[in-house]
Amino acid sequence: MTMIPTDCYYTKEHEWVRLDGATFVVIGITEFAQDQLGDVIYVNLPEIGSEIQQFAQMGEAESVKAVSDLFSPVTGTVVEVNSNLQDTPELVNQDPYGEGWMLKVELSGTEQLSKLLSSDQYSDFLDSGEH
Amino acid sequence: MGLLRTYLFEKHNILKAKLVPFAGWEMPIQYTGIIDEVNVVRKSAGIFDVSHMGRIEITGDDAGKFLEKILTVSVTKMDIGFAKYCFILNENAGIIDDVVIYRISDDKYLMVCNASNKDPVVSWLSGLIKSFNDISLLDLTLETVMIALQGPSAFKILNAVLNDSNMHSDFLSNLDLFEFCNYNFTFENGDSGYSQISLISRTGYTGENGFEIIVPNGIGLRIWDQLHNYGALPCGLGSRDVLRLEAGLRLHGNDIDQTSNPFQAGLKRFVDMENSSFIGHEELLLQNEKGIYKHLVGFRMLDKAIPRKGYLIMDSDKNIIGEVTSGSHSPTLELDIGMGYIMGSRPRIEDDIILHGRGRNFNARVTKIPFYRRSLN
């Protein structure tokens with residue numbers, strides 16, 4: 001069973017979003033995503049201050065096996081980047097919803113969260129096998 | 001068509017392996033993780049189910065003569081009990097497959113080929129066998145299990161497994177590289193099996209010391225479990241690919257194929273040019289005279305990126321000069337490494353090159369192959 005915390009929103013590209021205050025979110029990739037990737041070696045993320053667009057490419061995660069695009073689950077401004085991932089990218093594998101977080105983003109508006117999946121919807125999506 | 005499964009398939013499920021389709025087989029790519037498994041093989045020992053590889057027995061008075069037409073070595077000059085790495089070439093000296101040929105007796109040989117190439121190899125052999133008398137080809141792939149035990153603890157572990165069941169093991173410490181021993185495993189509980197072939201060879205595809213064991217299906221599982229009980233950890237094809245790249249070993253389908261020849265791949269030492277009867281010999285002579293127009297080189301990344309098959313290789317002036325054929329992160333060296341062909345004259349070690357992939361350029365430097373060499377103590 002893959003872990004899907006109920007306090008997050010999700011995308012079909014396997015990113016998670018957790019509200020941090022009213023207008024900030026923390027984002028990362030799901031347990032399912034890290035398991036599919038295998039050992040993560042590099043995480044390329046946008047810099048602090050960059051504008052990211054919901055569902056547009058925002059970076060890459062490179063594992064031993066493959067390189068995968070990361071898609072932004074929200075539109076907003078990057079206010080923090082998890083710099084620990086530079087030297088310890090394995091945090092993404094070990095603790096995808098915690099220490100393996102990727103970005104903190106100031107949302108351009110909260111209505112966009114309605115375009116994301118709830119934990120139940122994401123769980124159904126994984127079960128459907130459409131991923 | 002469904003995927004083939006090795007005789008150890010249920011064991012891989014029990015061990016919670018991640019399974020993937022590979023060359024028509026459903027194979028474990030990893031158990032705990034690729035990096036973990038690479039470290040296990042470099043520091044202690046791992047076991048790999050490599051039963052998907054083709055195992056073809058060639059028997060007959062003319063078997064040696066036949067194989068000297070097929071292979072780039074002189075098999076009739078090989079001592080019985082030894083194996084050699086070599087190539088099957090087409091008329092243009094393109095590499096149909098790279099194989100290990102075992103001399104079992106005067107008139108009996110075993111060929112181990114890549115799983116992905118077994119069908120083309122068998123049809124190549126079958127097509128050429130007609131001009132020889134009384135040679136039989138026997139495909140033993142489905143009736144035998146092949147396990148690779150690799151790593152610095154391999155000897156200790158195999159020795160313990162054999163001693164545990166009161167099987168003889170004196171030969172093990174004297175086994176040279178590429179030497180093998182026909183071996184009849186008989187476990188005390190009566191586990192045994194029958195096949196034409198049952199052997200232990202000092203071979204492998206990881207750059208570590210180790211053995212490959214080919215046994216009848218009936219005792220494959222018992223041997224796997226015993227090796228595991230004595231401390232060898234299950235490893236998948238993912239780590240095997242990283243290990244072989246670190247050791248500079250070429251992979252057919254990536255680094256060598258029918259569009260490259262052994263000279264271009266830097267593998268001249270596995271071609272015995274004195275055996276003038278093999279197919280491709282003339283073309284190799286010709287190529288040698290004309291000069292080799294492409295070279296397989298190793299490189300390490302200076303930028304943080306893992307080289308991937310198909311990335312372009314450029315010189316420092318950004319002229320495209322070649323293409324990456326294999327690449328990986330190397331956990332052992334803590335570097336990103338790869339191999340690829342470069343057109344024209346052979347580049348010098350430490351030359352700077354640029355890789356281009358996914359719309360970006362990455363700096364890299366030509367590096368000697370193998371990247372990793374085990375210490376001999």
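Worth saying up front: this structure is predicted, and the values here are computed from it rather than measured. Here is how names work: the chains are called A, B, and so on, in the same order as the sequence lines, proteins then strands, and each is numbered from 1.
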Partner chain A: residue of B/D336, B/D36, B/I35, B/I306 with the largest heavy-atom pair count (under 4.5 Å):
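Most heavy-atom pairs within the cutoff with chain A belong to B/I306.
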Contact origin within A/E90 toward chain B - heavy atom pairs under 4.5 Å:
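For A/E90, neither part sits under 4.5 Å from chain B.
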Relative to chain B, which segment of A/D35 carries a heavy atom at a distance below 4.5 Å: side chain, backbone, both, or neither?
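For A/D35, heavy atoms of backbone and side chain both lie under 4.5 Å from chain B.
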Checking side chain to side chain contact (heavy atoms under 4.5 Å, CB included) between A/V64 and each of B/D241, B/V38, B/V242, which is the one that passes?
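Running side chain to side chain contact (heavy atoms under 4.5 Å, CB included) over B/D241, B/V38, B/V242 with A/V64 returns exactly one hit, B/V242.
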Minimal non-hydrogen separation, [X] against [Y], with atom names:
{"X": "A/N44", "Y": "B/R360", "answer": "ND2-NH2, 3.7 Å"}
{"X": "A/Q86", "Y": "B/K304", "answer": "O-NZ, 3.7 Å"}
{"X": "A/K65", "Y": "B/I29", "answer": "CD-CD1, 3.9 Å"}

Taking it one step at a time, do A/E62 and B/R358 satisfy salt bridge (charged side-chain N to carboxylate O under 4.0 Å, His left out)?
CA-CA 12 Å; A/E62 193 149 18; B/R358 292 177 65 83; over 6 Å; no
Please determine whether the number of non-hydrogen atoms from other residues, nucleotides or ligands lying under 6.0 Å from atom [atom1] of [X] exceeds 12.
{"X": "B/K18", "atom1": "NZ", "answer": "yes"}
{"X": "A/E111", "atom1": "CD", "answer": "yes"}
{"X": "A/E47", "atom1": "CD", "answer": "no"}

CD1 (A/I41) and OG (B/S328) are apart, to the nearest 0.5 Å, by 7.5 Å
